[in-house]
Structures are given as structure tokens and as C-alpha cells.
Amino acid sequence: MATARGLRHLLTSSRWRRRGGEALAAVVPGVSQVDNNSDFLGKKPHRQHPGILRLPCVEVPQALAAAAQFLLLEYSMPNVEKKVQALTNYLWSRRLPVEPEELRRRAVHLEEKFLENPDLLQVEEKLREAVLRALRKTTYHWQELSYNESLSLVYMAARLDGGFAAVSRAFHEIRARVPEFQPQTLMDFGSGTGSVTWAAHSAWGQSLREYMCVDSSAAMLVLAEKLLKGGSESGEPYVPGVFFRQFLPVSPKVQFDVVVSAFSLSELPSKADRTELVQTLWRKTSHFLILVENGTKAGHCLLMDARDLVLKGKEKSPLDPRPGFVFAPCPHELPCPQLTASKPLACSFSQAYHCIPFSWNKKKQKEEKFSMVILARGSPEEANRWPRITQPILKRPRHVHCHLCCPDGHIQHAVITARQHGRYKGTCSPHLLPVITPSESELPPSLPEDPPGN
């Protein structure tokens, strides 16, 4: 990493100097240089920076909030607040199920360990019992949730507004960067209470004409339909063109402009099931595939596995041979640098939202922490590949620190100062910075090193 004097030398050289005083100059040697050619700001103020993707505090539609409150009161569930808190904690702390191959490896290791102890009676039956007992103590016991009528209502009370906020932020990413995109069809796998349908209607209600909600739980589908009809079974749906089914469309010819799977991959019992689902969802995708999970390392790992599966997939659909690329959040198709670091971190987002005013909600606003990946059909050249800020910006009186995920697949630390970057510093906090990666021939031959102690 270059020292302070080396950075000053780089920033003041003619090749890397700011032009026009309008944008961000080079901040990290060998990584970033201002993209002056695209004139991304024009005459707009910096507060209208195209890299700003922040979504203001979202609120579920009033009709949805009223229907949810009505259904909860109608059911009169006892101890609902405790059940909501318990389910929330369980879903957030949930880990991936252990694969059979890993379980067998652990069992063999424990058996070898027990056999090394001469004091133990090496009777086969007792040895098997000892191994099973040790496995129960050390292995995460994953359980599939069966959403009946009661649990579906608890899930609605716990996750309806937070799930709506997370998906709204994912939709906002597409709307902000591709405002001309107007989808007509959408499929939501693992639709649950239907928050994706409501968020999609808020984002693209003028163009969407078909919403396909797929969930294996019949109780969830009934609840989602009631929410659309104001809490009743016979009312007029708030969103037209919504269809419910328990299984994915079989025909390979059926594709949707937008396919969404929010908090559903973590509900599958094995990697093989997740692989099959992701491949199926990708075949059903015409433009964008949106995957959302909890903002934990487990959730992030799930999404990175799905991302790599689509990018490295060798199967080509004869109906849609277009390749896939990462539209967001990654500016590259390389391994995630957050996971390959010495201390792996989850790439997560936080979206503020207004809580549905249930009786136990003391706070008016909360933050939904989630991870997402948006895959698109086409070529990466069609998307803007600016580096993305991966951590909260650290502001100081005369400079700010940014951590950037760059198109070369690395995390870089950039320091932006008012002196070097003009009025840009402090005027906004973009999620994407307009910097480009220089080629090796454009880099200065060497940077002077500061003497020790400077």
C-alpha cells in the first residue's frame, strides 16, 4: 500500500490530475481513477449523484397494514408477542443444514478418536451410540418449518414489514439504474405472505399485469390472498392479476421478466435442493433474478453459491441462450472478496422501514438487515461497473474513508479529501463511486517511499 507521500505524488501527476474540477480524482494507486469521459454528473448537483442508491424509509401500503391488523385481531391468538419474538430470533439465528457427506466425515472422525482410547469398550453397538451421542451435541439440528394457519399468522406479524422493506430496496436498485425497464410479468417463489407482490406493485404497478405467487404451504397462500382482499375471502383484490399455486410452472417455455426468491433458499434441506431450485429459477428468468436472504454470513454464503452456480452453469437453455452476469451488488463476476478475507464478512444492506402498528411494536421505525444478489441476462458491458461501497463511510473533519469492492475483485481502501476532490467530499454518500480501473501501462513506474517515522 502506498504511503501518504506516494499518494500525493500520484494525485498531482499530470496523468492522474482532476480535469474540470467536477469529479472524484484518483484515490487508490492502481485501482481507481475518476471516470471523466462519461460525464456522469453533467450539470446536476452532487446530491443527485447517480451512484446514490439509498431508499428513504419505506412503509407498507395502508391497505396491507390494515388487513394484517384485522386478521390478527380476528384470529385472537394468545401470547402472540412472545411467539413473534421467538420466531424472529429463530429465523435470524438459523444456520444451514449439515450435508450428509459432512455428517459422515464427522462420524468417521469421531469413531477414529474413540478407537484411540484404550479405556473404552470397543463394542460395535456401544461405539455407534457414543458416536451418535457426540454428533447430537456438536451438530446443528436443522428443522423444516411447517407453515400451518397459526404459524403463518405469526410469520406475517413478524416478517411482513421487514420483508417488504428488503425487497423494495432490491427493486429500487433496478429502477434507479435502469429506469426504462418496465416489467410485465413477475414470479415470486416462496411467496409467503405476498410482500414481494405488494412491493412490486408499488414499484412497477403501471406495467405489471401478472404476478405468479408460488408457495408449498396452502395456509400461506390462503393468508396472502386474504391480505390482498382486505382480510376477507370474497373482497376485491387490491392488486389485480395475482395468481397463486403450490408448484412451479412445468413448461420450459414459461418465463417471467422478474423472478424473486426472498428468504426461501434457507428453507431448503440440502445443497442439491438449492442447486435444482436456482437452476429452475434461472431458466424461468427473462431479465432479472433477485435472491434475498438474511444479512448474516450464512445468508450471504447461500447467495454466493447461487451466484456462482448461475455464472458457471454450463447448461444452455435452447429457448434463452443469453448468459448471465451480476447486476448487483458485485461489480464483477469473481469470487467474493468479503468471504475470502482473513476475517470473512457478510455483504449486507440495511433498509429503514415504518413498522406496522401492532400492539407490541413500541418503535415506529426499524432497520432490516439483509443480503441480496441480482442476476441479469445479457452482457456485463450493459451494466455500470462502478466500485461499490461495502461498509459505512467513516467521516472525519477533513476527509472520509471508503471501502470499495472493485471490478478487479478486490476490496480497496480509499481516502477522499476536500482539498483533492473539491466539493464532492461530504456532499453525499453514494453506494457506487464513478471510478475506473487503470491498466498497468497507465500506472506510474514507482512511488517514493516515506522514510521511517514519517
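Counting begins at 1 with the first residue of the sequence. Side chains included, hydrogens not; waters and symmetry mates left out as well; all remaining heavy atoms used. In this text, all values refer to a predicted model and were calculated from it rather than measured experimentally.
R175 has its side chain out of reach of F181: every pair of non-hydrogen atoms, C-beta onward, lies at least 4.5 Å apart. Between C405 and P387, the closest side-chain pair of non-hydrogen atoms is not below 4.5 Å. Using a 4.5 Å heavy-atom cutoff, the side chains of T296 and R95 are not in contact. Between D305 and L309 there is no side-chain heavy-atom pair separated by less than 4.5 Å. Counting heavy atoms from C-beta outward, W198 and V167 have side chains that stay 4.5 Å or more apart. The shortest side-chain heavy-atom distance between P407 and R388 does not fall under the 4.5 Å cut-off. Residues R245 and C213 fail the side-chain proximity criterion, which asks for heavy atoms closer than 4.5 Å. At least one side-chain heavy atom of L160 sits under 4.5 Å from a side-chain heavy atom of I356.
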* I would like to know whether H413 and C402 meet side chain to side chain contact (heavy atoms under 4.5 Å, CB included); could you show each step before the answer? => CA-CA 6 Å; H413 175 207; C402 301; over 6 Å; no
* **Verdict with supporting geometry, V258 and L208, side chain to side chain contact (heavy atoms under 4.5 Å, CB included)** => CA-CA 10 Å; V258 179; L208 277 170; over 6 Å; no
* **Criterion salt bridge (charged side-chain N to carboxylate O under 4.0 Å, His left out) on K229 and E236, from CA distance to verdict** => CA-CA 5 Å; K229 297 179 178 180; E236 190 70 20; over 6 Å; no
* So V310 and V278, side chain to side chain contact (heavy atoms under 4.5 Å, CB included) or not? Walk me through it. -> CA-CA 8 Å; V310 171; V278 170; 3.8 Å; yes
* To do: Please test E173 against I374 for side chain to side chain contact (heavy atoms under 4.5 Å, CB included), starting from the C-alpha separation and ending with a verdict.
  => CA-CA 9 Å; E173 181 93 17; I374 303 177; 4.1 Å; yes
* **Derivation and outcome, salt bridge (charged side-chain N to carboxylate O under 4.0 Å, His left out), residues E368 and R159** => CA-CA 10 Å; E368 175 71 9; R159 298 291 304 133; 2.8 Å; yes
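The environment of NZ in K83 is crowded: more than 12 heavy-atom neighbours from other residues, nucleotides or ligands sit within 6.0 Å. More than 12 heavy-atom neighbours from other residues, nucleotides or ligands sit within 6.0 angstrom of CD on E101. Surrounding CD of Q365 are more than 12 heavy atoms belonging to other residues, nucleotides or ligands, all under 6.0 Å away. More than 12 heavy atoms of other residues, nucleotides or ligands shown are found within 6.0 angstrom of NE2 on H172. Taking a 6.0 Å sphere around CD of E102, one finds it holds more than 12 heavy atoms contributed by other residues, nucleotides or ligands. Within a 6.0 Å radius of NZ in K369, other residues, nucleotides and ligands contribute 12 heavy atoms or fewer.
A distance of 6.5 Å separates CG of L248 from CG of L281, quoted to the nearest 0.5 Å. L223 contributes atom CG, which lies 11.0 Å from atom OH of Y75 (distance to the nearest 0.5 angstrom). Annotation: the span from T285 atom OG1 to R377 atom CZ amounts to 6.5 Å, rounded to 0.5 Å. With rounding to the nearest 0.5 angstrom, the SG atom of C336 is 7.0 Å from the CD1 atom of I411. In this structure, D257 CG and L186 CG are separated by 8.5 Å, a value rounded to the nearest 0.5 Å. Separating the CD atom in E74 from the OG atom in S232 is a distance of 9.5 Å, to the nearest 0.5 Å.
Scanning both residues, Q338 and A346, for their nearest heavy atoms gives NE2-O, 3.8 Å. Taking every heavy atom of both residues into account, S150 and M77 meet most closely at O-CE, 3.5 Å. Between G163 and S195, the closest heavy-atom pair is C-OG, 4.2 Å. Pairing each heavy atom of K284 with each of S251, the nearest pair is NZ-O, 2.6 Å. Summarising the geometry of M304 relative to L339, their closest heavy-atom pair is CG-CD1, 3.7 Å, with the distance given to 0.1 Å. The shortest heavy-atom contact between P240 and Y211 is O-CE1, 3.5 Å.
Using modelled atom types, one side-chain atom of Q351 and one backbone atom of L55 make a donor-acceptor pair closer than 3.5 Å. Looking only at distances, a side-chain donor or acceptor of R94 sits under 3.5 Å from a matching main-chain atom of Q143. Judged by distance alone, with hydrogens and angles left aside, the side-chain atoms of N294 form a donor-acceptor pair with the main-chain N or O of L91 at under 3.5 Å. At distances below 3.5 Å, not a single donor-acceptor pair connects side-chain atoms of E210 with backbone N or O atoms of V242. Listed for the N148 side chain is a donor-acceptor partner under 3.5 Å among the backbone atoms of L151. Looking at N89, its side chain does come within 3.5 Å of a backbone N or O of Q85 through a donor-acceptor pair. Distance alone, capped at 3.5 Å, places no donor-acceptor pair between the T275 side chain and the D273 backbone.
Using a cutoff of 4.0 Å between basic side-chain nitrogens and carboxylate oxygens, E99 and R105 are not scored as salt-bridged.
The aromatic ring centres of Y353 and F164 sit 6.0 Å or more apart. Ring pair F263/F370: centre-to-centre distance not below 6.0 Å. Between H403 and H401, the ring center distance fails the sub-6.0 Å criterion. Taking the ring centroids of F288 and F327, they lie under the 6.0 Å cut-off.
With no hydrogens or angles considered, no side-chain donor-acceptor pair links S371 and E293 at under 3.5 Å. No donor-acceptor contact under 3.5 angstrom links the side chains of Q246 and S216, judged on distance only.
For the side-chain contact (heavy atoms from CB on, under 4.5 Å) with S191, the lone residue among D215, V196, V214 that qualifies is D215.
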